[in-house]
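Before any comments, here is the structure.
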Amino acid sequence: MTLIDKTFAPADFEQRLYERWEKAGQFRPARPDAQPFTIVIPPPNVTGSLHIGHALDNTLQDVLIRYHRLKGRDARWIVGTDHAGIATQMVVERQLAESTQGTTRQAMGRDAFVETVWDWKRTSGATITQQLRRLGASCDWENEQFTMDPHFTKAVTRVFVQLYNEGLLYRDKRLVNWDPKFKTAISDLEVEYREIDGHLWHFRYPLEDGSGFIAIATTRPETILGDGAVAVNPDDPKMAHYVGKRCRLPLTDRLIPIITDPYVEADFGSGAVKITAAHDFNDFEVYKRHPEANIPVINLMNPDATMSDACPPEYRGLTREAARLKVIADFDALGLLDKVEPHKHQVPYGDRSGVVIEPYLTDQWYVNAAELAKPAMAAVREGKTEFVPKTWEKTYFNWMENIQPWCVSRQLWWGHRIPAWYGYAFEVTSPTSARFAGQIVFVEASEIEAREAAERYYGNLATRCSIFRNAEIETIPQQEREPNWAELDAEDEAFERGNFPIWQDPDVLDTWFSSALWPFATLGWPDDQPVIPAKAGTQGAVATADLAAKGAPLGSRESGNDGTKATDLVRYYPTDVLVTGFDIIFFWVARMMMQGLHFMDEVPFKTVYCHGLVRDKNGAKMSKSKGNTVDPLVLIDQYGADALRFTLTAMESQGRDIKLDEKRVEGYRNFATKLWNAARFCQSNGISASTSPDTPAANHAVNRWIIGEVAATARALDAAIAAFRFDAYAEAIYQFVWNRFCDWYLELTKPLLSEGADAGVAAETRLVTGWALDRILVMLHPVMPFLTEELWHKLGHGDGDDLIVAVWPDAGAIPSDAAASDEIDWVIQLVEGVRTARTELGIPPSAKLTYDVEGEDPQDTKYRLANTAAISKFARISPTEGIADDGGVKLQVINGNVTFKINVEGVIDLAAERARLTKSAEAAEKEAASLAGRLNSPGFVEKAKPEAVEKARDDHAARSAEAARLRAALARLG
RNA sequence: GGGCGCAUAGCUCAGUGGUAGAGCACUGUGUUCACACCGCAGGGGUCGCAGGUUCAAACCCUGCUGCGCCCACCA
């Protein structure tokens with residue numbers, strides 16, 4: 001036991017304690033027989049640094065983990081970081097550009113660039129994990145994961161290949177959201193729409209037959225160059241005469257058809273819409289609905305959104321912005337610009353790049369999300385996974401029901417490379433000839449297997465066609481992207497078994513494709529996997545056993561924790577709770593549900609707890625550009641990690657956004673200081689750590705009372721955790737520590753510990769206080785781990801006895817004593833009543849007064865006599881004890897049945913006392929009358945719940961009696 | 001256009017059928033040997049508006065007003 005310092009300085013011990021826990025392996029104590037409690041952390045971006053949202057998310061997780069660890073569960077918090085494709089690539093590219101050499105990834109080449117990113121990860125990737133430690137997060141660092149770890153690659157590949165074989169993953173040419181800055185496809189979810197004050201340009205296209213013009217309106221004139229049709233509404237009489245005609249597209253001189261489609265609104269713009277299939281999602285749909293119109297699909301742009309060679313020569317190479325101005329000017333020059341209207345509209349922007357997104361026609365890999373969503377929806381409907389708060393289930397269903405194919409390929413270098421290899425495809429046309437037929441794809445777990453598959457393909461061709469058997473070998477150079485198929489002449493090319501080109505898809509997978517596997521890949525899948533048969537009914541299904549045979553051998557990997565035979569996967573999956581912000585339900589939660597169910601045949605988590613956003617104190621979203629961000633590390637430096645954690649916990653009421661005001665952090669730092677001082681006081685009074693978590697025996701009412709209060713608090717905390725009410729948890733422990741333990745228990749027991757007090761009572765009180773303080777430390781530990789652990793040891797718990805693995809109080813095993821509770825409540829009410837009366841009458845706190853009582857029953861007498869010392873100390877009144885009543889005016893305080901008549905020295909302000917008593921009497925009478933009214937109102941007694949009726953009767957009796965006593969007191973005043 | 005949420009004390013938020021609560025802020029005060037990052041006491045709300053259900057509504061229902069968010073995007 002060491003002395004508790006006079007000042008509470010969290011910086012003095014936070015780091016020391018964290019290192020102690022981590023070194024001692026306390027974050028994952030060996031508990032092979034205990035029931036697991038598992039949380040997977042939402043892996044922060046490896047580029048990240050801890051922001052206030054992380055602080056909230058991880059505080060809540062740590063509260064749950066620490067609580068369940070104290071409850072004796074095998075608590076495991078799986079931790080790691082995400083490789084975060086675009087974000088990380090951006091960071092490293094920016095650093096390359098800013099470095100002294102000022103190089104680019106293109107100049108470096110792919111392999112060197114990827115190696116640079118790895119270097120960066122190794123040196124800078126630990127920032128966020130160190131910051132999580134400062135917050136106190138008790139993660140399982142020994143098994144830290146990274147989404148680009150070799151076993152993750154294995155898992156990702158396995159998933160990709162199996163989904164492909166099941167027909168749930170495919171390559172398709174369709175429009176994607178294209179980011180011209182990063183030159184990659186991005187997800188629908190990574191597009192944010194901004195309202196822009198733009199324009200609606202009205203142009204005229206001349207009709208082919210020279211009979212006039214058709215007017216169209218557009219917000220994107222530059223895409224006119226790629227128009228393939230003009231569409232009007234089929235039911236629009238104004239437009240009927242155009243239908244079936246053709247018009248001449250100015251600037252290109254192409255003839256394009258005028259068609260009908262219900263997508264066109266007759267009363268918007270000019271009533272006619274230009275159809276640019278390659279650059280607009282709606283137009284692409286129109287194109288697909290009208291195969292008969294032979295609408296050309298013209299890709300007008302290069303990957304960087306400059307105008308491509310598909311445009312007329314004078315536009316090529318222009319930016320889309322410059323092209324727009326030129327198109328407008330050119331139309332104007334031709335006299336075909338009708339008018340320009342101002343027009344507010346929503347423009348898509350890349351949420352990371354900040355540039356306008358281009359709908360762009362490319363080949364990409366897609367996952368059939370609609371199919372995977374079915375079991376994911378059913379699982380929530382059946383309650384296998386529950387959202388808290390439940391309202392988010394609607395959001396989840398709504399998105400799942402309308403889910404689009406998930407584009408999973410990205411044109412980046414940093415990420416999991418797509419396990420697909422391409423080769424040239426041929427169609428055998430006769431025993432001696434074959435025709436070039438595009439490309440063939442081999443989706444396999446490795447290049448070796450892809451090559452084997454290719455061998456089978458070409459071998460099979462060779463047996464059917466002699467030109468593959470006998471011709472000379474000519475190797476086609478491997479090409480990175482888009483081989484120029486048109487120039488290949490199959491007749492002249494020759495292939496022989498074992499010597500033909502295949503090349504891997506240059507693209508990588510969407511980061512969320514690997515994050516979706518997080519709950520099971522982190523637990524060892526696929527090496528540890530229980531074999532799940534491929535889903536019946538999916539086309540091209542390949543037995544999982546075959547897939548497994550290709551990968552690493554199956555078998556049980558011993559758990560790092562306890563050496564049991566069960567694999568981690570079996571033991572910890574499904575996890576218990578996922579704690580996350582609602583903003584990534586679509587990105588991440590939904591996809592984990594889909595992949596978890598598909599590959600594990602079970603939901604990834606039983607509960608999804610969604611918290612809100614942390615906003616600034618005015619409710620504005622925090623952002624760097626607004627400069628209103630709050631750095632959690634600064635708050636930790638200023639107030640301690642515990643104060644920040646307590647604030648975030650206390651403010652987390654289900655689902656609501658948090659408006660963070662630094663004053664709250666300060667307030668909870670004060671709370672920490674309060675407890676610190678209370679512990680210091682206890683220590684200075686010879687109180688030390690309890691030797692057992694068992695409740696000590698107690699006779700004195702105040703001790704029996706506090707024991708019952710501990711039990712009530714433990715019960716409240718258990719209930720709060722069970723209901724995910726973090727705010728209720730913080731509230732309950734705060735009230736108990738400050739308003740019960742410090743304000744009353746420590747005060748009421750001071751006389752029991754003072755010199756000359758009964759030695760037996762004093763000893764009992766020391767034991768009970770030590771026990772209660774220990775229980776406080778345990779119950780507060782999940783929220784304030786550092787402070788509580790520090791005090792735990794200062795109070796005398798030894799080195800081998802860390803609070804982090806202590807025992808949570810079993811509320812049911814702690815006796816609650818109604819009689820003690822009744823007695824102490826009586827004392828507290830009396831003291832408060834006297835204090836209030838004294839203040840209102842302006843009697844100095846220092847004045848010690850005497851009293852007589854009236855109306856006491858035996859129990860009141862018992863309570864009063866048993867607590868004479870406390871009453872004297874806190875109300876500063878003592879019995880007259882034989883001093884004759886001088887007949888003077890008394891200060892009268894009603895406590896239950898008893899009227900305390902207090903002798904006041906000198907003259908009291910009669911009018912003030914009368915006013916005080918009158919006010920109280922009227923309040924009691926008003927309430928009694930209201931209760932009487934309810935009791936007399938028709939229906940109440942018959943229809944209300946019996947408890948409610950009984951309570952109303954009791955309250956009515958009590959209030960009436962109180963009013964009578966107050967009136968009597970008034971009468972005595974004369 | 002569709003959906004969701006919120007509106008309770010000056011501020012931030014609990015309360016979800018039975019007489020309105022907490023923290024902060026505010027006012028007054030300071031006897032006491034843990035704590036002024038403290039103690040004690042106090043003021044402050046027709047629970048957004050209007051209807052309805054009920055013996056009883058801040059709470060349930062309907063409508064309205066205001067604020068916020070998500071999804072979809074009339075070129």
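Lettering of chains follows the sequences in order, A, B, ..., and the numbering in each one begins at 1. All figures in this text were calculated on a predicted structure; none of them were measured in a lab.
Contact between A:A963 and A:A921 at its shortest, heavy atoms only, is CB-O, 4.3 Å.
In this structure, CZ on A:R766 lies 10.0 Å from OG on A:S688, to the nearest 0.5 angstrom.
Nucleic acid contact class of A:H956 (heavy atoms, under 4.0 Å, all strands): none. Using a 4.0 Å heavy-atom criterion, one finds that A:V264 contacts the bases of the nucleic acid, with or without backbone contacts as well. Among the atoms of the strands shown, only primed sugar atoms or phosphate atoms (P, OP1, OP2) are found under 4.0 Å from some heavy atom of A:N282. Using a 4.0 Å heavy-atom cutoff across all strands shown, A:E666 reaches no nucleic acid atom at all.
Remark: P of B:C37 and CZ of A:F646 are 20 Å apart, rounded to the nearest angstrom.
For a distance-only test at 3.5 Å, the side chain of A:R664 fails to qualify as a donor-acceptor partner of the base of B:C24. Side-chain atoms of A:K663 and base atoms of B:C24 include no donor and acceptor less than 3.5 Å apart. For A:S937 against B:C55, no side-chain N or O and base N or O form a donor-acceptor pair under 3.5 Å. At a cut-off of 3.5 angstrom, the base of B:A72 holds no donor-acceptor pair with the side chain of A:Q404.
Checking B:C40, B:A34, B:C13 against the side-chain heavy atoms of A:K674 singles out B:A34 as nearest. For A:Q346, whose side chain is taken as the heavy atoms from C-beta onward, the closest listed nucleotide among B:C73, B:A41, B:U31 is B:C73. The A:F586 side chain lies nearest to B:C71 when the options are B:C71, B:A75, B:C35. Considering only side-chain atoms of A:F268, the nucleotide from B:G15, B:G18, B:C74 that sits closest is B:C74. The side chain of A:F681 has B:A34 as its nearest neighbour among B:U31, B:A75, B:A34. Listed nucleotides: B:G39, B:C38, B:C55. Nearest to the side chain of A:F940: B:C55. Among the nucleotides B:C35, B:C74, B:G5, the one closest to any side-chain atom of A:T391 is B:G5.
For B:C55, neither phosphate oxygen OP1 nor OP2 lies less than 4.0 angstrom from any side-chain nitrogen or oxygen of A:K945. Distances shown here put a side-chain N or O of A:H343 below 4.0 Å from the OP1 or OP2 atom of B:A75. Contact annotation: A:R656 side-chain N/O to B:A14 OP1/OP2 distance is under 4.0 Å. For A:T836 and B:G42, the shortest distance from a side-chain N or O to OP1 or OP2 is below 4.0 Å. Dashed line: the shortest gap from a side-chain N or O of A:K659 to OP1 or OP2 of B:C13 is under 4.0 Å. Using a 4.0 Å cut-off, some side-chain N or O of A:S653 falls inside it from OP1 or OP2 of B:A14. One finds a side-chain N or O of A:K750 lying less than 4.0 angstrom from the OP1 or OP2 phosphate oxygen of B:A34. An OP1 or OP2 oxygen of B:C38 is reached within less than 4.0 angstrom by a side-chain nitrogen or oxygen of A:N670. Applying the 4.0 Å criterion to OP1 and OP2 of B:U54, one finds that A:R934 has every side-chain N and O outside that range. Considering only side-chain N and O atoms, A:W738 lies under 4.0 angstrom from the phosphate OP1 or OP2 of B:G39.
In this pair, A:F586 and A:W399 present their aromatic rings parallel. The plane angle is below 30°, not in the 30 to 60° band.
A salt bridge does not link A:E832 to A:R835: none of the charged side-chain nitrogens sits closer than 4.0 Å to a carboxylate oxygen.
Between A:F284 and A:Y287, a ring centre-to-centre spacing shorter than 6.0 Å is recorded. Checked against the 6.0 Å centroid criterion, the rings of A:F387 and A:Y609 do not qualify as a close aromatic pair.
Nucleotides B:A50 and B:G68 have their P atoms positioned 24 Å apart, rounded to a whole Å. B:C26 and B:U16 are spaced 31 Å apart, taking the P atom of each and rounding to whole Å. For the C1' atoms, the distance linking B:C38 with B:A56 amounts to 44 Å, nearest Å. For the C1' atoms, the distance linking B:G18 with B:G10 amounts to 30 Å, nearest Å.
Under the rule for a salt bridge (charged side-chain N to carboxylate O under 4.0 Å, His left out), the partners of A:K339 that lie at least two apart in sequence or sit in another chain are A:E341.
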*Would you write out the dot-bracket form of RNA chain B, 5' to 3', with Watson-Crick and G-U pairs under 3.5 Å, [ ] for crossing pairs, | for pairs to other strands and . for unpaired bases?*
((((((((.[[[[.)..(..]]]].(((((.......))))).....[[[[[..)....]]]]])))))))....
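Contact check for A:T219 versus A:H343: side-chain heavy atoms found under the 4.5 Å cut-off.
Among A:E358, A:R220, A:E222, the one residue that satisfies the side-chain hydrogen bond (donor to acceptor under 3.5 Å, both in side chains) test with A:H279 is A:E358.
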